[in-house]
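Presented below is the structure to which this report refers.
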Amino acid sequence: MTHRYFVETPITGDRARLSGPEAHHLSGVMRVKVGEEVTLFDDGGAEFLCRVEQLSKHEVQLAVLSRLEINREAARDVTLFCALPRGDRQKRLIEQSVELGVRRFVPLRTKRAVVQPDADVCERLRRGVLEASKQCRRNRLMEVSEACTAPPPEELLPAGALKLIAHPGSNLSPSAAARAANISPTTPIALLVGPEGGFSDEEAAAALAAGWQPVDLGPRILRIETAAVALTAWAVGEW
Ligand code: SAM
């Protein structure tokens, strides 16, 4: 299997060019040589088998050998509105969201959050998306939107989405909520997962008033990233 690199400029012809950190990763870290083959993706859905023609530390010129249309996206549009944990757990949350096929990740600003997502944090999350996409061979990048407050305003939701808020003690399983709403395998689902301290009473009440259905993930209290991953795996529903 060839190594994968992300190219920001969409590939349209028989040449491609890598620059910046991706060029450095290819030449300086992976020590790829002229004549070797690598895979490029450009967030357009396809991947490209390419041969390295010229390289320096800062720039790599490649010949495009073939374009492969490989759809690795989930059929369902899942948007995850999620409070952020700290450090490595934040990295894992992003990695697993990409792997599971979340289409859009929106960091949540909540009253009890330990990490308030500013522009630097969002930028770090986007770098995590790139790394995870290279690893899991996804050809489209999970979008990381600007942070929003809880509950998210309606205009940030996909049209017709089933809206589920993870709230311990709700006594309604996600499957029961989906059955009651009679959703199809392609109905979009929006998920709302709270911070370590949980949603405040005001946030939870506002979410319920806005039509979010509270769902329960079992009798144990899960950490943010565990709750997000469990709910996402269920929502994507690929197995
Ligand atoms: N003390 C907090 C509470 O009772 O809400 C626990 C917060 S938990 C560490 C972080 C988030 O994960 C929660 O706000 C909720 O969205 C989700 N969560 C964790 N365990 C859950 C469960 N058993 N059922 C539903 N949601 C859960």
Side-chain angles (χ1 to χ4, degrees), residues 1-80 82 88-107 121-145 158 185-186 188 225 228-229 232-233 235-239:
M1 238 190 277
T2 57
H3 285 287
R4 285 162 59 86
Y5 300 88
F6 176 69
V7 59
E8 287 197 15
T9 315
I11 298 176
T12 51
D14 58 1
R15 321 282 309 160
R17 177 178 162 272
L18 283 182
S19 59
E22 289 295 273
H24 172 70
H25 191 224
L26 183 148
S27 62
V29 180
M30 302 308 294
R31 305 208 170 272
V32 175
K33 303 280 180 270
V34 167
E36 288 186 39
E37 291 179 4
V38 296
T39 299
L40 262 48
F41 66 110
D42 63 0
D43 195 23
E47 60 190 34
F48 303 83
L49 182 65
C50 297
R51 191 178 51 236
V52 175
E53 303 255 283
Q54 277 180 35
L55 53 75
S56 72
K57 234 195 221 168
H58 307 292
E59 188 175 296
V60 183
Q61 301 283 351
L62 306 105
V64 178
L65 306 177
S66 59
R67 174 195 175 96
L68 302 165
E69 292 292 342
I70 303 178
N71 182 9
R72 298 197 181 97
E73 294 307 295
R76 193 192 296 285
D77 177 347
V78 174
T79 304
L80 176 57
C82 194
D88 277 358
R89 293 170 46 215
Q90 191 181 103
K91 194 172 168 209
R92 228 170 22 245
L93 168 65
I94 290 297
E95 204 169 75
Q96 292 171 337
S97 301
V98 171
E99 290 171 358
L100 288 171
V102 170
R103 207 150 310 166
R104 190 154 54 99
F105 182 95
V106 189
V121 170
C122 291
E123 218 22 69
R124 190 170 64 230
L125 300 181
R126 291 189 187 104
R127 285 200 297 276
V129 170
L130 200 56
E131 287 314 308
S133 306
K134 288 162 77 170
Q135 179 67 33
C136 76
R137 312 189 79 75
R138 194 166 165 183
N139 287 328
R140 286 191 191 275
L141 299 180
M142 177 179 81
E143 181 185 339
V144 176
S145 304
T186 54
E225 67 280 17
V229 163
T232 298
V236 169
E238 286 190 323
W239 320 311

Using only atom types and a distance under 3.5 Å, with no angle test, would you say the side chain of Asp42 pairs donor to acceptor with the backbone of Thr9? no
The side chain to side chain contact (heavy atoms under 4.5 Å, CB included) partners of Arg76 (sequence neighbours excluded) come to Val78, Ile183, Thr187, Ile189
Run the side chain to side chain contact (heavy atoms under 4.5 Å, CB included) check on Val52 and Lys33 step by step: do they pass?
-> CA-CA 7 Å; Val52 175; Lys33 303 280 180 270; over 6 Å; no
Which atom pairs, one a donor and one an acceptor, fall under 3.5 Å between side chains of residues 19-26 and the rest of the protein, sequence neighbours left out?
| residue | atom | partner | partner atom | Å |
| --- | --- | --- | --- | --- |
| Glu22 | OE1 | Phe6 | N | 2.7 |
| Glu22 | OE1 | Lys134 | NZ | 3.1 |
| Glu22 | OE2 | Lys134 | NZ | 2.8 |
| His25 | ND1 | Lys134 | NZ | 3.4 |

| message | Other residues, nucleotides and ligands only: do more than 12 of their heavy atoms fall within 6.0 Å of CD on Glu238? | response | yes
For Arg4, the salt bridge (charged side-chain N to carboxylate O under 4.0 Å, His left out) test, sequence neighbours excluded, returns Glu47
Is the backbone N or O of Glu73 less than 3.5 Å from a side-chain atom of Arg140, with the two atoms forming a donor-acceptor pair by type? no
For Thr39, the side chain to side chain donor-acceptor pair (under 3.5 Å) test, sequence neighbours excluded, returns Thr2
*If you measure from the Lys or Arg side-chain nitrogens to the Asp or Glu carboxylate oxygens, is any gap between Glu225 and Arg89 under 4.0 Å?*
yes
Residue set satisfying side chain to side chain contact (heavy atoms under 4.5 Å, CB included) with Arg124, at least two apart, ordered chain then number -> Gln90, Val121, Arg127
Intermediate values then yes/no, side chain to side chain contact (heavy atoms under 4.5 Å, CB included), Arg103 and Glu143 = CA-CA 6 Å; Arg103 207 150 310 166; Glu143 181 185 339; over 6 Å; no
- Query: Are side-chain heavy atoms of Met30 and Tyr5 found at a separation under 4.5 Å?
  - Reply: yes
- Min side-chain heavy-atom separation Glu36-Val38 under 4.5 Å: no
_Tell me whether Gln135 at atom CD has more than 12 heavy atoms from other residues, nucleotides or ligands lying less than 6.0 Å away._
no
For residues 42-79, the ring-ring contact (aromatic ring centres under 6.0 Å, His included) pairs (sequence neighbours left out) are none
